[in-house]
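Note that the structure is predicted; figures quoted are calculated from it, not measured.
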Amino acid sequence: MRAFEVDEGSPAEFVARVKRELDTSGLADYADLVMNGIELIVKFRWMGSSELRYRVSERENGFRADPDGERMSPFHAPFRQAFEERLDKVLTTVGARTV
């Protein structure tokens, strides 16, 4: 779970881009990203559910998302690295960079 930054657009626009990418890549049945107040919440569903939470700090043209907690299903622990790698690929595709 690493922080990431987006140089252009609002968090809401970013969520919409991520949702489109999840749909396109076939991951929408297993993963979702939602905005809840000042948090971005990544949800994984497969033999249980897990959440990664990020606190959003808006910047001049974009925002930064810092890790703010998680709830990991015991069934997901062995697959955590694979989940996070796929999430990183999706985030990079839509304009985010990990920091």
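Phe14 has its side chain within reach of Phe63: a pair of non-hydrogen atoms, C-beta onward, lies under 4.5 Å apart. With contacts defined as side-chain heavy-atom distances shorter than 4.5 Å, the pair Leu33/Val18 qualifies. The side-chain heavy atoms of Val90 and Leu22, taken from C-beta on, include a pair separated by under 4.5 Å. Within the 4.5 Å cutoff, side-chain heavy atoms of Val34 are placed close to those of Lys43. The closest side-chain heavy-atom distance from Arg2 to Val99 is not below 4.5 Å.
Annotation: the span from Leu40 atom CG to Asp68 atom CG amounts to 10.5 Å, rounded to 0.5 Å. Annotation: the span from Ile41 atom CD1 to Arg71 atom CZ amounts to 10.0 Å, rounded to 0.5 Å.
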(request) Would you check, one step at a time, whether the test side chain to side chain contact (heavy atoms under 4.5 Å, CB included) holds for Thr98 with Thr92? (result) CA-CA 8 Å; Thr98 55; Thr92 299; 5.9 Å; no
(message) For Asp32 and Lys19: C-alpha separation, side-chain torsions, deciding distance, then whether side chain to side chain contact (heavy atoms under 4.5 Å, CB included) applies.
(response) CA-CA 7 Å; Asp32 195 13; Lys19 287 179 178 277; 2.7 Å; yes
(request) Go through the steps for Ile38 and Arg55 under the test side chain to side chain contact (heavy atoms under 4.5 Å, CB included), then give the verdict. (result) CA-CA 6 Å; Ile38 60 169; Arg55 182 162 305 275; 2.6 Å; yes
(request) Would you check, one step at a time, whether the test side chain to side chain contact (heavy atoms under 4.5 Å, CB included) holds for Leu27 with Glu21? (result) CA-CA 8 Å; Leu27 296 173; Glu21 181 62 26; over 6 Å; no
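Shown here for Val56 and Glu39, the closest heavy-atom pair between the two residues is CG2-C, 4.5 Å. Closest of all the heavy-atom pairs between Ser50 and Ser73 is OG-N, 2.8 Å. When all heavy atoms are compared, the tightest approach of Phe44 to Ala31 is CD2-CB, 4.2 Å. Between Tyr54 and Val42, the closest heavy-atom pair is CE1-CG2, 3.9 Å. Heavy-atom minimum distance, Val94 versus Arg17: O-NE, 3.2 Å.
Without hydrogens or angle criteria, Glu84 side chain to Gln81 main chain gives no donor-acceptor distance under 3.5 Å. Between the Arg59 side chain and the Val6 main chain, no donor and acceptor come within less than 3.5 Å of each other.
A salt bridge links Asp66 and Arg64; the closest N-O separation between the charged side-chain nitrogens and carboxylate oxygens is under 4.0 Å. With respect to the salt-bridge test (charged N to carboxylate O, under 4.0 angstrom), the residues Asp29 and Arg45 do not qualify.
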